[in-house]
Amino acid sequence: MRIEKIELGEVTIPLITPFKTALRTVDAVNDIIVRITADDGSVGFGEAPPTAVITGDTKGSIRCAIEDFIAPSILGMYIAELDAIEEKLRGCLVHNTSPKAAVDMALYDLWAKAQDKPLFRALGGSRRELETDVTVSLNPVDEMVADSLRGVADGFRILKIKVGREGLRDVERVEAIRRAVGPDIRLRVDANQGWTPDESVRIIRAMEDRALDIELVEQPVKAADITGLHRVTENVSTPILADESVFTPEDAWRIMAMHSADYVNIKLMKTGGIHEALHICRLAEQYGVQCMIGCMLESKVSVSAAAHLAAACEVITMADLDGPSLCREDPYPGGPVYDGPIIRMTDDPGIGIKAAPCFL
Ligand code: MG
C-alpha cells in the first residue's frame, strides 16, 4: 500500500457558544482536512486547526507546509514503512506541528486500516471508553457559573475552568463555581499562561486555603518559563499540569526530569501527531508521570485520532477532548461516539471516520 494522493479541504462548524481563554475568542471551528489515498483505493483522514496563538499555524501555512513540503517528500512511500515516512515528514521542515499532525494521523488511519483494526487496537490498546471534561470559557463570573451548571446538567462530571486574566479575582470565579456545582464535580483550572510565578503561588495557595478542592492547575505561567513553572510546582500542593510548555518529547523529558510540573498535557497539534505523542507516553511511563490528552478547537477527525491514542496508552489518565461536544453539528459519519462526557470507541478500522463533507 503506497501513498498515491494527498488532498486538502476545509471544514467550518459553528460552536454552540463562543470559546474564550486568556489567549483568544473563537466562535467556529474552521480547520483544514487532509485526505490521503493509497494505491489500493483506501483513504485516511486528518485535521489541522489554525491555532496561531499557540502553535503558530495558520490556514495558509498549513496548506503551504503540506502542499509544498510534506506531500513531495512522502508521496509514493509504503504505508507499512511508517517510521521511514515519519522521518521524512519531520525532516522536510521544522515546526509546523499542526500540518504534520494532520498528515501523521491520516497515515496512522491507513496503517490501522491495512491491519483491519481500529487504531487503538493496532497501537496495542484495549480501553473502550474515555471520560472527558468540558471547558468553561473565561467570562463574567455569573456566566461561568451558568455554563458550569449547564455542563453538569449535560452529564459532565469534570469541568475545565478557564482563568488567567484577573489575578487573585480568579479565585473568586473558581469559588463561585465550586459553590454552585457542589463537592462531587472535579474542577480543573487552566490559566493559559496568564499568571506570573509569584502570582500563581499566591492564587493557588488561596484556592487551597479556601478548600476549593482543585484537581490540577494547568499552565499557570508563560510557556518558556520552565524555571517559573518549577517554582510554582515546588511551592503549592495542588498538582500542576504543563500544557503550552510541552510540544516535543524533548520538552516533556526536560519537564519530567526536573519535575517542573506534575503532569503533562499531550496534544497532537503540539507534538505533530501520534508518532511523537507515543514517544512522550513512553517517557511518562519511565518517569511515572500521568498525562492528559487534550485538543485545540478541533472537530471529530483529529479529536478522534487523539481518543484512539488515549485508549491505547495507560499513562494517559485524563481526557480533555470536548472539541466535538462544543460543535453545533457533526458532519462526519463514523468514528468514536461522543455521548456527553463519554467517548466510546468502535470497532471500525482505522480512526473510523468514513467521509468528510469537503470531499463529497
Ligand atoms: Mg491548556
Side-chain angles (χ1 to χ4, degrees), residues 15 18-26 29 49-57 97-98 101 130 132-139 144 147-148 151 156 158-166 170 173-174 177 186-195 197 199-200 203-204 207 214-226 228-229 232-233 238-248 251-252 255 260-272 277 280 284 289-298 302-303 306-307 309-310 316-326:
L15 298 178
F19 181 86
K20 296 183 194 169
T21 75
L23 294 171
R24 60 190 178 132
T25 298
V26 189
V29 168
T51 319
V53 289
I54 297 174
T55 59
D57 300 316
T97 47
S98 305
L130 304 169
T132 178
D133 58 29
V134 69
T135 302
V136 177
S137 277
L138 183 46
N139 276 310
M144 291 182 76
D147 287 348
S148 301
F156 290 90
I158 316 167
L159 303 177
K160 169 128 125 187
I161 304 166
K162 293 289 190 180
V163 295
R165 255 194 219 141
E166 290 192 303
D170 282 333
R173 270 169 210 288
V174 178
I177 291 170
R186 284 153 67 188
L187 299 184
R188 298 169 176 166
V189 170
D190 188 356
N192 286 108
Q193 315 177 51
W195 303 326
E199 218 177 5
S200 303
I203 292 168
I204 297 167
M207 293 195 293
I214 302 307
E215 183 183 3
L216 56 88
V217 172
E218 182 167 340
Q219 197 66 45
V221 302
K222 291 265 176 284
D225 189 6
I226 303 302
L229 189 64
V232 178
T233 302
T238 307
I240 302 298
L241 169 72
D243 181 9
E244 290 95 318
S245 292
V246 177
F247 272 58
T248 63
D251 296 337
I255 297 249
S260 295
D262 299 288
Y263 308 141
V264 164
N265 190 345
I266 299 173
K267 291 177 180 165
L268 297 180
M269 297 308 146
K270 297 187 299 173
T271 59
I280 296 182
V289 169
Q290 294 177 51
C291 296
M292 175 184 281
I293 184 78
C295 59
M296 307 293 179
L297 260 185
E298 301 164 34
S302 50
V303 174
L309 173 75
I316 299 177
T317 57
M318 300 166 274
D320 173 29
L321 297 178
D322 60 353
S325 53
L326 303 177

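Order of listing sets the numbers, starting from 1, for every ligand and every atom in it. Owing to the predicted nature of the structure, the values given are computational and were not obtained by experimental measurement.
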Can you tell if the side chain of [X] reaches within under 4.5 Å of the side chain of [Y], non-hydrogen atoms only?
X: R188; Y: D133; answer: yes
X: V217; Y: M207; answer: yes
X: I255; Y: V289; answer: no

(message) Tell me whether K267 is salt-bridged to D243, with the criterion being a basic N under 4.0 Å from an acidic carboxylate O.
(response)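 Looking at D243 together with K267, the answer is yes, because their closest N to O distance falls below 4.0 Å.
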(request) List the steps and the verdict of side chain to side chain contact (heavy atoms under 4.5 Å, CB included) for K270 and T97. (result) CA-CA 6 Å; K270 297 187 299 173; T97 47; 5.5 Å; no
(request) Not counting sequence neighbours, which residues clear side-chain contact (heavy atoms from CB on, under 4.5 Å) with V134? List them please. (result) F156, L159, D322, L326
(message) Given a threshold of 2.8 Å, state how many protein N/O/S atoms are nearer than that to the Mg ion (ligand 1).
(response)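 Total protein N/O/S atoms under 2.8 Å from the Mg ion (ligand 1): 3.
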